[in-house]
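Data block below; observations after.
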Amino acid sequence: MQELAKAYEPTKYEDDIYKTWEESGLFDPDKLKAKGKPFVISMPPPNATGILHLGHAAALAYEDLMVRFHRLKGDKALWVPGTDHAAIATQTKVEKILAIEGTDRKKLGREKFLGRVKEYVASSQGTIRKQTRKMGSSCDWSRERYTFDDGLSKAVNQAFVKMYDDGLIERDYRIVNWCPRCASTLADDEVEHKEQDAKLYYIKYGPFVVATTRPETKLADTGVAVHPSDRRYKKYVGQELDIDLAGHKIKVKVIADKEIDKRFGSGVVGVTPAHSTTDYELAQRHDLEIIKLIDESGHIMKTGGKYKGKNVLQARREFVADLEKAGQIEKIDSIKNNLSICYRCDTPIEPLTSEQWFVRVNKKIPSRGKSLKELAINAVKGGDIEILPKRFDKTYYHWMENLHDWCISRQIWWGHRIPVWYTEDGEVIVAPNETEANKKAGNKKLTQDKDTLDTWFSSSLWTFSTLGWPIQNKIGLDKDLVKIVESGEKTKTYRLADKGYSIGETIVVENTQTKKNFGYIKITNIQKIKFKDVDPKQKGHEEYKDKDDFKKTFKKYYPDKDITDNTDLWAYDFVYSKKSDLDLFHPSSVMETGYDILFFWVARMIMMTEYVLETKPFDTVYLHGMIRDKDGKKMSKSLGNGIDPIKMSEKFGTDALRLSLIIGSAPGADMRLYEDKIAGYRNFVNKLWNISRFIFTSADNVKRVKKQPRAKTLADKWILSEFNETIKEISEDLEKFHFSEAGTKLYHFTWDDLADWYLEISKIEKDKEEILLYILERLLVLCHPFIPFVTEVIWEQFGEKELMMVKEWPKAGKVDKDVITNFTELKELVVSLRNLKAENKIPPTEFPDCNLDSKILDKKYLELAAKMARVNLTDKKVNVKPIAINSSKVFIDLTKELSDKEKQDLEKYIKNTEAKLANEKFVSNAPPQVIEDTKKRLAEAKNKVNGQ
RNA sequence: GGGUGUAUAGCUCAGUUGGUUAGAGCGCUACAUUGACAUUGUAGAGGUCCCCGGUUCAAAUCCAGGUACACCCACCA
């Protein structure tokens, strides 16, 4: 045993202690002696994009608390750590780094770019792992998972194929949320809304006035909508009108729809199906033509006439100026509206039409007779899964019931590739891997994606012509060709179709200089043409006589170049590769995460696990709140109010940080955190340290005390009763997820009961070594899940081999209520005496004469009280009016009497209570115990006033 | 527009199924310092439990209405 320092210095011990734990192998449940049932948490994987923030630290604290509690209880505790490849987030980050280096992903090409991402992820994963350890997390690193490792990729692909086969996934041409910055689609729940000031333009629009905040989209209107009961416009409904907008001609059909608000704006809506979700729906109902106006980079396409090539804002300015010149702007109002922005980069979302993969949530699963949505709702409704706090049930149902099909393909490179291959004659092959795809395709060779659009554009500056139809446009980074290829643009598509090409047909492209064929264009859809090529500069490229020759020689299969942003299989994947783990540890016990993730992820995990495994993913969802700053503001980099958990851990110790995150937090409720609070718990940790130090230094022999020692005095009985009560309550609280309450009770027992009272008494009564050691050892166990480091360090002083981490959770012994009552009398007597001294300005060092008398306390306890209160106990009754304390009386040589306020309060209380007791209804209705207590308290109050 | 939550001491928050004279931490005031700990101890001051009704013998707690704030969902032409 070594001498303990005066104050606990966390940084001196924490890293070593963590190492000891980790090397013991006991984070792995297979190595535990435990016979209990499994308790499993899979860590919601933090993004592999950077550093741990307070939200993660809080999550880790709650999860570790549960896991350590169950491990101590003897359960087979498993906590699986992991990281998330976070497709869009990670790609965005790396792209930012590339931008600084003056390059971009297209210049690098797919392979090199992915290499860079992997490099980046590896280094940030290292950071995350280090910081997770710093928080003391007792997770099983041997089972660590990554959302992008082989197991999960396999799971994602298999799930994709299964869903495709069940008709739950389909490729379709629909309106999607498009982020021009990320150049990718987004799911509905990845779109955020921000209120902003906007202008509402009233545009003269044929016989109407149309109000809009986005005038430029009017260039692609194909309809104009009014309310069916709007008499002003009834006569136009059904007509097709030619509208002139500052010289730009459009053709619109007038439709009537109940969705239109007669009172908003002019009551007339220009319908732009390709660039507004609601307009798209209107177009579906009324069969309107869809004209795409804005391309994927946020620029106006050819359909925008003279505004072609302009970005959206520029086009708006010019178009409005032109309308003004033409006298077509009636007025401009200022309004507030919600702008849709990308959750990752805050770029305004551009809704546009595109061909993508969608999950169909309402489609019945053939073998189950239920839809994905129904599976997810039933799992919670049937009570299989419990959500804490309960009220989030409602939010869950509401969200689920309103869930609609969501787009799962993302046009980024970092992520799970969509397991789909296409042949050039329009065949679609969906298979879990290339080998399988090959089989399905009749063992034709699958190409990698050398021949994607991206590669092609970066290759050259040739002029092309197709057989039979010359294309005059240049290629390279030329946007014109994008338009041809990515389609949706009206003129080109129709011209192609008019030329007699049909869907699935391939057009071979030739080099106009050498007249040799070196590529082909494929028409996959009347609105979409896919372009593939073979780069003539690349080794091994082929040249073909004509398209038939091409097809004969190179029937190739092309992988889908998109990825799916789908890690919803996390819940069970962590055990996916090990069948025995799946049997033993699935479903997991608790999914602990922030309430902001309920929809994003928790709901989808429930849906997918129910679908794929036909089981629930977990028993309980524990939702913690958000951590805010002292003023209740969200912590963010831009506000500079963020608290770095690692810095706090270094300054105050991880234990202090953990306690400050646990105490004062309730599930689903936000919590404020600030340095003073952490400092407060640092003080507590230090208090526990010094309590231990005192016990060790005052003990003759530091040893483990196996059985509860015999209590010799009232104080002994009292502290053991309190301790047993504490064990019982904390065990119950932890089972019921009442973490904050449990922490508060430990804090109170340790500091108030043990340190302030019992330790002080032990200095007077002596001979308490066994009881103190007995309590300390078990108190450390109780505290361990909250503050693992300091408890383990103190435990080392007992010189045992076994780690604190795997000790036995104490069982509560007997609680003697009478003892607690009697001891409370003693405490109040002491407090009153101290109070009297303080009020009368008697210095603590002086010992005024005092005579004590009590109905329930023996003389030796009155002596104890006198010592603690620092008064001189005499036999003679001091000649003053006695002061009553419950069942005791104090005769003390002081002038002090009750203050006026005290007297008034007491008299008021007496009056009220007497009235209460006189009330017949109270006496007849209230339980006898309540009446008795009331009477007792009344008597005590009267004693105090009268000094009897 | 729909939903959820919060409102208790100067600040941050507890307050279980209604039943002590409503609690804690921080801060504040006064005092204390030689041995566990100043990251301390002792004591004190500090409250219209948001407002208004109702239920009840009894309401911070339950119900209805209102106010303020926060968040979520939808819409925003």
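Heavy-atom basis, side chains included; hydrogens, waters and symmetry copies ignored. By convention in this document, chain letters (A, B, ...) are assigned in the order of the sequence lines, proteins followed by strands, and residues within each chain are numbered from 1.
Contact annotation: T278(A) side-chain N/O to C76(B) OP1/OP2 distance is under 4.0 Å. For the pair R682(A) and U39(B), the criterion of a side-chain N or O lying under 4.0 Å from OP1 or OP2 is not met. Contact check, N683(A) against C37(B): no side-chain N or O comes under 4.0 Å of OP1 or OP2. Contact annotation: R672(A) reaches the phosphate of C13(B) (side-chain N/O to OP1 or OP2, under 4.0 Å). For K394(A) and U4(B), the shortest distance from a side-chain N or O to OP1 or OP2 is below 4.0 Å. Within the 4.0 Å cut-off from OP1 or OP2 of U56(B), not a single side-chain nitrogen or oxygen of N925(A) is found. K687(A) has a side-chain polar atom (N or O) that falls below the 4.0 Å cut-off from OP1 or OP2 of G41(B). At G41(B), one or more side-chain N or O atoms of W751(A) fall inside 4.0 Å of OP1 or OP2 (strictly under the cut-off). For the OP1/OP2 pair of A36(B) and a distance below 4.0 Å, the side-chain nitrogens and oxygens of K763(A) include at least one atom meeting the criterion.
Here F652(A) and Y681(A) keep their ring centres 6.0 angstrom or further from each other.
Base engagement by N338(A) is indicated by at least one non-hydrogen atom pair under 4.0 Å involving a base atom. Counting non-hydrogen atoms under 4.0 angstrom, R834(A) reaches the backbone sugars and phosphates but no base. Among the atoms of the strands shown, base atoms are found under 4.0 Å from some heavy atom of I260(A). Among the protein residues, L759(A) comes within range of the nucleic acid bases, having at least one heavy atom under 4.0 Å from a base atom. No contact: V685(A) has no heavy atom under 4.0 Å from any strand.
No more than 12 heavy atoms of other residues, nucleotides or ligands lie within 6.0 Å of NZ in K199(A), so this atom counts as exposed by the packing criterion.
To the nearest 0.5 Å, the span separating CG on L403(A) from CE on M400(A) amounts to 6.0 Å. We find the CD1-CZ distance between I329(A) and F319(A) to be 8.0 Å, quoted to the nearest 0.5 Å.
If you check U12(B) for Watson-Crick or wobble pairing at under 3.5 angstrom, you find it paired to A24(B). Under the Watson-Crick and G-U wobble criteria, each requiring two contacts below 3.5 Å, nucleotide C69(B) is paired to G5(B). Pairing for U40(B) is with A32(B), a Watson-Crick or G-U wobble pair whose two hydrogen-bonding atom distances lie under 3.5 Å. With both pairing distances under 3.5 Å, G53(B) is matched to C63(B) as a Watson-Crick or G-U wobble pair.
No option in T750(A), T726(A), D733(A) other than D733(A) meets the side chain to side chain donor-acceptor pair (under 3.5 Å) test with K745(A).
With C1' as the reference atom, G15(B) and U6(B) are 15 Å apart, rounded to whole Å.
The side chain of Y674(A) approaches U12(B) more closely than any other nucleotide in the set U40(B), U12(B), G5(B). Here A32(B) is the nucleotide among A32(B), A43(B), G41(B) with the atom lying nearest to any side-chain atom of P844(A).
In this structure, Y909(A) counts as stacked on the base of U21(B) under the 5.5 Å centre distance and 30° plane angle limits.
Along RNA chain B, the nucleotide nearest to I335(A) and the one nearest to N690(A) differ in position, and the one closer to the 5' end is contacted by N690(A). Between P843(A) and N402(A), the residue whose closest nucleotide on RNA chain B is further toward the 5' end is P843(A).
Cation-pi geometry between K687(A) and Y747(A) is not met: the NZ or CZ atom fails to fall both under 6.0 Å from the ring centre and inside 45° of the normal.
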